[in-house]
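One structure is given below, encoded as structure tokens.
Heads up: numbering here begins at 1 and tracks the sequence.
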Amino acid sequence: MGLVIAGVLAVVATLAVLAYVRGVEESSGGTGPRVEVIVAKEDILAGANLDELIQSGAFTTELVPEDALVDEAVTSLSQLEGRSASAAILAGEQVTLARIQGTDVALPGGALGIPEGFQAVTLPLEASRVVGGAVVRGDRVTVYATFDKTDTTVTLVPEAQVLRVNEPAGDGGLGGGAGAETLITLALSAEDAQKAVFAFEQGSVWLGLLPPGQSGVQRPPVNVAAVLR
């Protein structure tokens with residue numbers, strides 16, 4: 001009887017272990033091979049010294065399924081030594097070479113990740129013209145322009161990708177306005193780049209932030225008559 005009971009307990013224990021392992025596999029996203037990657041334990045700001053963060057324990061390792069591995073994922077802390085963050089890294093996010101300054105990886109579109117057929121154009125705009133500073137890298141925006149000579153506001157570029165955002169650093173007079181300005185770098189076609197430069201020099205430029213998944217829309221020009229209609 002004792003042997004029977006022991007056997008039953010052994011079977012139950014085995015099943016419990018198998019159930020636990022299966023639960024761990026399912027919660028981690030699959031049963032395939034795992035790859036060890038470096039993950040941020042806290043939010044990291046662009047420009048942060050990675051050596052200091054390594055010493056403070058801001059990174060950890062995590063095993064992720066191969067199909068969940070992001071491109072150019074960092075797999076060793078040695079890849080971070082002597083470098084700084086080129087873009088913000090969120091807590092829990094896999095650290096990638098694309099977010100690190102000083103790497104030798106040839107990235108598509110260069111350090112900014114400029115899409116093929118586009119070029120990067122930077123506009124210095126007051127915070128009120130960039131949704132109060134809410135615009136971040138990767139966002140999609142609509143570019144509007146107002147021309148005082150014609151009293152007209154137009155949809156200059158219905159949809160543009162934000163490649164980089166440099167927060168206000170001080171006072172200045174760029175763009176025809178006083179106060180702190182944000183440097184917004186957009187991916188634009190050659191034609192749209194010309195329009196944006198002209199509008200910045202000859203009028204005023206505003207950005208509208210598009211919600212995730214929503215495309216920009218080309219709207220007819222608006223003037224005083226259209227507003228009062």
Side-chain angles (χ1 to χ4, degrees), residues 45-48 71-72 84-90 96-103 105-223:
L45 299 177
D71 292 338
E72 303 295 347
S84 59
S86 61
I89 303 172
L90 301 179
T96 65
L97 294 177
R99 303 288 184 94
I100 302 171
Q101 292 178 347
T103 59
V105 177
L107 300 173
L112 291 176
I114 306 171
E116 185 176 355
F118 290 77
Q119 55 186 260
V121 176
T122 299
L123 299 174
L125 301 173
E126 297 175 22
S128 61
R129 299 174 185 266
V130 290
V131 200
V135 177
V136 299
R137 177 179 179 178
D139 280 342
R140 300 275 176 171
V141 296
T142 296
V143 183
Y144 299 99
T146 296
F147 300 97
D148 294 335
K149 293 182 179 179
T150 60
D151 294 324
T152 303
T153 296
V154 301
T155 301
L156 198 67
V157 183
E159 184 173 331
Q161 178 184 348
V162 178
L163 298 177
R164 175 176 289 176
V165 178
N166 295 92
E167 295 301 327
D171 295 337
L174 295 175
E181 289 169 338
T182 301
L183 299 180
I184 301 289
T185 301
L186 303 175
L188 300 173
S189 66
E191 180 180 359
D192 287 339
Q194 282 185 302
K195 293 179 180 179
V197 172
F198 180 84
F200 179 79
E201 296 290 347
Q202 302 299 323
S204 57
V205 175
W206 294 71
L207 301 184
L209 180 60
L210 293 169
Q214 179 174 311
S215 300
V217 178
Q218 182 71 53
R219 304 291 300 175
V222 173
N223 52 28

Task: Set of side-chain contact (heavy atoms from CB on, under 4.5 Å) partners for Q161, sequence neighbours left out - done: P115, R140, L163, A187

- [ ] Among residues two or more places apart or on two chains, list those pairs meeting salt bridge (Lys or Arg N to Asp or Glu O under 4.0 Å) that have a residue in residues 193-204.
- [x] E191-K195

TODO: Would you please name every residue forming a salt bridge (Lys or Arg N to Asp or Glu O under 4.0 Å) with E116, sequence neighbours left out?
DONE: none

- [ ] Find the distance between CD (E72) and CD1 (I100) and round it off to the nearest 0.5 Å.
- [x] 10.0 Å

Task: Beyond-backbone contact of L123 with V205, side-chain heavy atoms, under 4.5 angstrom - done: yes

Task: Inter- and intrachain pairs under salt bridge (Lys or Arg N to Asp or Glu O under 4.0 Å), touching residues 204-217, at least two apart - done: none

Open item on the list: Can you list everything that forms a side-chain contact (heavy atoms from CB on, under 4.5 Å) with F198? Sequence neighbours excluded, please.
Closed with: F147, Q202

TODO: Could you tell me which non-hydrogen atom of A196 sits nearest to which non-hydrogen atom of L156, and how far apart they are?
DONE: CA-CD2, 3.6 Å

Task: side chain to side chain donor-acceptor pair (under 3.5 Å) against D192, all qualifying residues, sequence neighbours excluded - done: S189

TODO: Hey, could you give me the CZ/CG distance between R129 and L207, rounded to the nearest 0.5 Å?
DONE: 10.0 Å

Open item on the list: Looking at N223, I want to see if its CG is surrounded by more than 12 non-hydrogen atoms of other residues, nucleotides or ligands under 6.0 Å.
Closed with: yes

- [ ] Indicate the atoms forming the closest heavy-atom contact of P124 with E181, along with that distance.
- [x] CB-OE1, 4.0 Å

Task: Check: W206 and V130 side chains under 4.5 Å, non-hydrogen atoms - done: no

- [ ] For the residue pair V162 and V141, establish whether any side-chain heavy-atom pair is separated by less than 4.5 Å.
- [x] yes

Task: Beyond-backbone contact of V165 with T185, side-chain heavy atoms, under 4.5 angstrom - done: no

- [ ] May I ask you to decide if T150's main-chain N or O and T152's side chain share a donor-acceptor pair within less than 3.5 Å?
- [x] yes

TODO: Please name all residues satisfying side-chain contact (heavy atoms from CB on, under 4.5 Å) with Q214, sequence neighbours left out, ordered by chain then number.
DONE: L210, P211

TODO: Report the residues that fulfil side-chain contact (heavy atoms from CB on, under 4.5 Å) with T155, sequence neighbours left out, ordered by chain and then residue number.
DONE: T142, Y144, P158, Q218, R219

Task: side chain to side chain contact (heavy atoms under 4.5 Å, CB included) assessment of L183 paired with T122 - done: CA-CA 6 Å; L183 299 180; T122 299; 4.0 Å; yes

- [ ] Please examine the side chains of T96 and D71, heavy atoms only from C-beta on, and report whether any two atoms are closer than 4.5 Å.
- [x] no

Open item on the list: Quick test of your reading: applying salt bridge (Lys or Arg N to Asp or Glu O under 4.0 Å), list the pairs with at least one residue in residues 143-158, sequence neighbours left out, ordered by first then second residue.
Closed with: none

- [ ] Rounded to the nearest 0.5 Å, what's the gap from CG on L45 to OG on S84? Could you check?
- [x] 12.0 Å

- [ ] May I ask you to test the R164-R137 pair for a side-chain heavy-atom distance under 4.5 Å?
- [x] no

Open item on the list: The criterion is side chain to side chain donor-acceptor pair (under 3.5 Å); which residues satisfy it with T146, sequence neighbours excluded?
Closed with: T153

Open item on the list: Ignoring hydrogens, what is the shortest heavy-atom contact between P221 and V154? Give both atom names and the distance.
Closed with: CB-CG1, 3.9 Å

Task: Distance-minimising heavy-atom pair for Q119 and A193 - done: OE1-CB, 3.7 Å

Task: Shortest non-hydrogen contact between A120 and I114, atoms and distance - done: CB-CD1, 3.8 Å

